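Below, read A as the first sequence line, B as the second, and so on, with proteins coming before strands; counting in each chain starts at 1. Just so it is clear, the model here is predicted, and its values are computed rather than measured.
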Amino acid sequence: MDAERRQRLEATTRYDPAEVEARVLATWLEGGYFHPDVSEGDVADPYSIAIPPPNVTGALHMGHALNGSIQDALIRLNRMRGRSTKWAFGTDHAGIATQSVVEKELRAQGISRHEIGREEFVKRVWEWRERYGSTIVEQFKRLGASCDYETERFTLDEGYAKAVYTVFVSLYEKGCIYRDNYLVNWDPGSRSAISDLEVESREVTDTLYSIDYPVEGSDEVLTVATVRPETMLADTAVAVNPDDKRYGAFVGRSAILPLVGRRLPIIADEHVDPEFGTGALKITPGHDPNDFEIGRKHGLEEITVIGEDGRMSAEAGETFAGMSVAEAQKAVVAALRDEGRLRTEESYTHAVPFSHRSGERVEPLISLQWFMRMDELAAPAIEVVERGDVRFTPERWGRVYLDWMRNLRPWCVSRQLWWGHRLPVYYCEECDEVTVAAEEPQRCPACGGALRRDEDVLDTWFSSALWPFAVLGWPGEAPDLQAFYPTDVLVTARDIIFLWVARMVMMGLEFAGDIPFSDVYITSVIQAPDGRRMSKSLGTGIDPLDEIGEHGADAVRFGLYAMSSTQDVRYSAAKVRQGRDLANKMWNASRLVILNAGDAVPEANPARLEDRWILSRLERTVASVTAKLDAYDFAHAALVLYDFFWSELCDWYLEIVKPRLYEGEADLAGSLLHVVERVLALSHPMLPFVTEAIWSELPARERPLVVSPFPLADETRFDDEAEFALGRDIELTRALRRWRDVAGVPAGATLSARLVGEQAPHELVSRLARLDLSGGGGDAIATVGPVEIVAAGAIDVELARQGIDARRTELQAEVERAERKLGNTGFVAKAPPELVESEREKIERHRAELAELGDPT
RNA sequence: GGGCGCGUAGCUCAGUGGGAGAGCGCUCGCUUCACACGCGAGAGGUCGCUGGUUCGAAACCAGCCGCGCCCACCA
């Protein structure tokens, strides 16, 4: 090692992630290690993941950080195993989200999108994307995510659009996609229809009004209850339960709609609950999902009185037209009161649909939209999960998936937005022909007339559903598709199992001819430290980039792995610090080894007991960490690694062998280099930066760690004997240290002692417990295992005695506990014999130690 | 209304049939020549409650209490 390098290493007593990470990342990217070569066609032993594409508008949040860290660990693990590995990367155009961001920016300049028109607006969004779209890419790199950035895709790029159109046309031709006038969830906020999945229900306290509807040709009334009296203007029937004796006579007659005067047929329908309210239900097919169903069943007229702008339309009549829904409600209630039709008003709390997008209350409206029927595609997608071809981890999410898939309703796929994949649907200006084609047609194929393209765009999730194969180049002869489809695992959060995961399975099976992934790993959701949701608006968000800046990417990754769980967890800054400390520990321990290794060649030399011990512990750790990574158990993988490195390697082994290391023992140095190399490789998937940085300081490394082999546990190194023997000496050392502490022996003082019995402990015991074993004669004031401590100046004899008494009490309690167990005849008869034996052995051992301690004085 | 999950040390979480664990925090002691982002030692828990199964339960079963989430068309 040259002097300059030695000096630099000696001086760097603290691992500095900020300095290291940028440098290491650059070498990875320059080396092209993240980009698999597919030029030869099929690749050997492929491993692939399609990243859940982050929104172009988005900044990296804690969900991405967790999700990205997990995927990266899997990708790096398999890349190091020599598999041909691709982590397909790209961003999502995110329809409404992106359109809103750009609209807001325009509004700040006093421009509305309608002023500049569709074409110009879309152009502006693309410009916006050019300017800011790469932000999130750079942020993933800072995390260390080894995505294939060379083939970055965008869900609105040219090739992707081709995939979307191909799928749309195919589904249309199969009859799965159709246009219909149907009651949809209208989001007045984004002025678009949204799907059922984009609706969230919230508890709202409304007023429940009871209104008298006079029965035609009689003095009687039917009293109906509603929280939305303004929709009565669109009522087209009154319904009662067919078994309801009270109303049997009314069925078939008519009621008169107050304020409007329309005749409403009185119908019987099972849906009406005779127990609720008066048992009579006003039917508004135009503005209520239930009523819509009932209306279609009974062939009722569908009247719409609320427009897409959320205001009362002309249909509502002169008095109310133009009012907002809230104003109309007040006006209707006032009018009813005037007419004496309002019977009661009471407070009523119920679930109300809101738009997940805009946060506004959803207005159910009848609208001409495009729908996708799901039943046909769902059947095979259900089968693959039932068969276990697609496995969920944790398993319970598989059942959630199946429950949803078995109850699918048609999906409204059209959106009244400008930013997105415009429907490949063309209407003839001359005839009724509707043309659906991937390639834009020039003229109407039926009559040659001019064509007008549908104004709507597709739900973003429609294009997302194609991601695993479209990202790899479908449709067409893409080498990546050939090599890497199906992918191995999808890593995502549970909130998009329906929106995304389920639809990918359906589309993958239908269009790519195979499942899109064989595993779905559902990550935990990380909450704010106080247990609330992490969210910008609540001010509870923690920016992973801040954390990376402060503690390093490896620290954040370690923290996230350690936090990850099968349930939701609160963000733990302490776990991130634990990761930071581990990275620092790795750096310093490695520095110790490198600076003292001389010219040693990495090689395991199980010369002495402690060497056999650490080599055994190392291989067991390799086996354990590997198994946990493969089982998606990242928390335990991280913590097992931590325990080995910190406790076994640093606290014990390095402390044990320091004298040998300083003496320049070559075999030892070889072993140490071997252990360091192996543990770095084992850690690399989780802690890529610090391990790569240290790797580059090791002598004669041919390739960077990112493409070096991942260790395979060598079971021939497992050594129960060494583990037992050294474990015993470690326990003895700890007992002696405890005794010193209790006896008030100064930390630096050496204790005079001698050995009793024939079993001599390892040299490490006397050194690490600071004993002078030549303690010859003199009275023993204490016995700790095979060590007799001889009275000397430094010892407070009284304290020592107290310590011994405490130990005696402890042992007596242990003996009693074991005796109690053995006194239980059921235990002796039914418990496994080895367990019973070990209790007997315990009693003997403890009695022996008690005998050594002597009687209380 | 249906379903899922959770309740373990002051805090955040592991542990799912054989003697309660980790990290942080806390206490005591260390300028020990890799690391004070360090080293050594320690205190701290009737494992939500009540019953049951078992030789043995934090773990399995039942009920209850509390918290969270998802799905669902009672106006």
Side-chain angles (χ1 to χ4, degrees), chain A residues 9-10 12-15 200-201 208-210 224-228 231 239 271-273 275-284 288-294 348 350-351 364 394 396-397 399-400 403-404 407 494-495 497-498 525 527 529 531 551 555 559 562-563 565-575 577-596 635-636 639 642-643 650-651 654-655 658 661-662 733-734 737-742 744-748 768-770 814 817-818 821 824-832 835-836 838-839 842:
Chain A
L9 276 179
E10 278 173 351
T12 315
T13 59
R14 189 177 282 201
Y15 172 64
E200 60 183 34
S201 55
L208 182 68
Y209 299 93
S210 298
V224 299
T226 180
V227 290
R228 301 205 55 194
T231 65
H271 173 263
V272 183
D273 177 4
E275 304 293 318
F276 188 92
T278 60
L281 175 64
K282 76 187 209 42
I283 302 296
T284 320
D288 182 275
N290 301 321
D291 296 3
F292 181 79
E293 297 287 332
I294 294 171
Y348 185 70
H350 63 144
R396 64 175 183 273
W397 297 113
R399 292 192 295 274
V400 173
D403 285 347
W404 185 74
N407 294 293
R494 57 157 192 269
D495 54 341
I497 290 176
F498 308 146
V525 173
Q527 302 165 330
H551 304 298
M563 275 176 246
S565 168
T566 56
Q567 60 172 19
D568 292 355
V569 287
R570 299 177 185 207
Y571 185 77
S572 163
K575 289 259 175 9
R577 266 182 265 117
Q578 193 182 351
R580 177 201 60 180
D581 295 350
L582 177 62
N584 187 243
K585 195 78 169 173
M586 283 182 163
W587 173 258
N588 279 298
S590 304
R591 218 163 46 89
L592 171 72
V593 172
I594 294 166
L595 286 169
N596 290 285
H636 288 103
L639 294 172
Y642 177 92
D643 281 344
C650 293
D651 289 348
L654 289 180
E655 293 305 325
K658 263 179 186 172
L661 182 64
Y662 293 141
T733 305
R734 303 195 65 214
R737 284 169 167 173
R738 203 178 304 134
W739 188 89
R740 291 177 61 111
D741 221 53
V742 170
V745 180
L768 297 181
R770 290 184 190 254
E814 290 292 296
R817 200 192 59 80
K821 258 191 145 170
N824 179 342
T825 50
F827 176 75
V828 178
K830 297 192 179 177
L835 202 72
V836 177
S838 85
E839 291 296 330
K842 247 179 255 173

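A62(B) and A57(B) have their C1' atoms separated by 15 Å, given to the nearest Å. The P atoms of C55(B) and G1(B) are separated by 40 Å, rounded to the nearest whole Å. Annotation: A59(B) and A20(B) have their C1' atoms spaced 12 Å apart (nearest Å). Taking atom P in both A22(B) and C39(B), one finds a spacing of 16 Å when rounded to whole Å. Across A58(B) and G7(B), the matching P atoms stand 15 Å from one another, rounded to whole Å.
At the heavy-atom level, D643(A) lies nowhere under 4.0 Å from the strands shown. Residue K842(A) is classed as a base contact, given a heavy-atom separation below 4.0 Å to a base. Heavy atoms of T825(A) sit nowhere under 4.0 angstrom from any nucleic acid atom. Note on R770(A): a base of the nucleic acid sits closer than 4.0 angstrom, heavy atoms only. H271(A) comes within contact range of at least one nucleobase, with a heavy-atom separation under 4.0 Å. No engagement by A829(A) is indicated, since no non-hydrogen atom pair under 4.0 Å with the nucleic acid exists.
Donor-acceptor pairing under 3.5 Å, judged by distance alone, is present between the side chain of R817(A) and the base of G19(B). Side chain E655(A) to base A34(B): a donor-acceptor pair is found below 3.5 Å. Counting distance only, with no hydrogens placed and no angle test, the side-chain atoms of E814(A) and the base atoms of G19(B) include a donor-acceptor pair under 3.5 Å.
For U12(B), neither phosphate oxygen OP1 nor OP2 lies less than 4.0 angstrom from any side-chain nitrogen or oxygen of Q578(A). Phosphate proximity of G42(B) to R734(A): present, with a side-chain N or O under 4.0 Å from OP1 or OP2.
Nucleotide A41(B) has U27(B) as its partner under the Watson-Crick or G-U criteria, with both atom distances under 3.5 Å.
We find the NZ-CE distance between K575(A) and M563(A) to be 7.5 Å, quoted to the nearest 0.5 Å.
Where R494(A) and L281(A) meet RNA chain B, the nucleotide closest to each residue was compared, and R494(A) sits on the side nearer the 5' end. For K575(A) and D273(A), each mapped to the nucleotide of RNA chain B holding its nearest heavy atom, the one lying further toward the 5' end belongs to K575(A).
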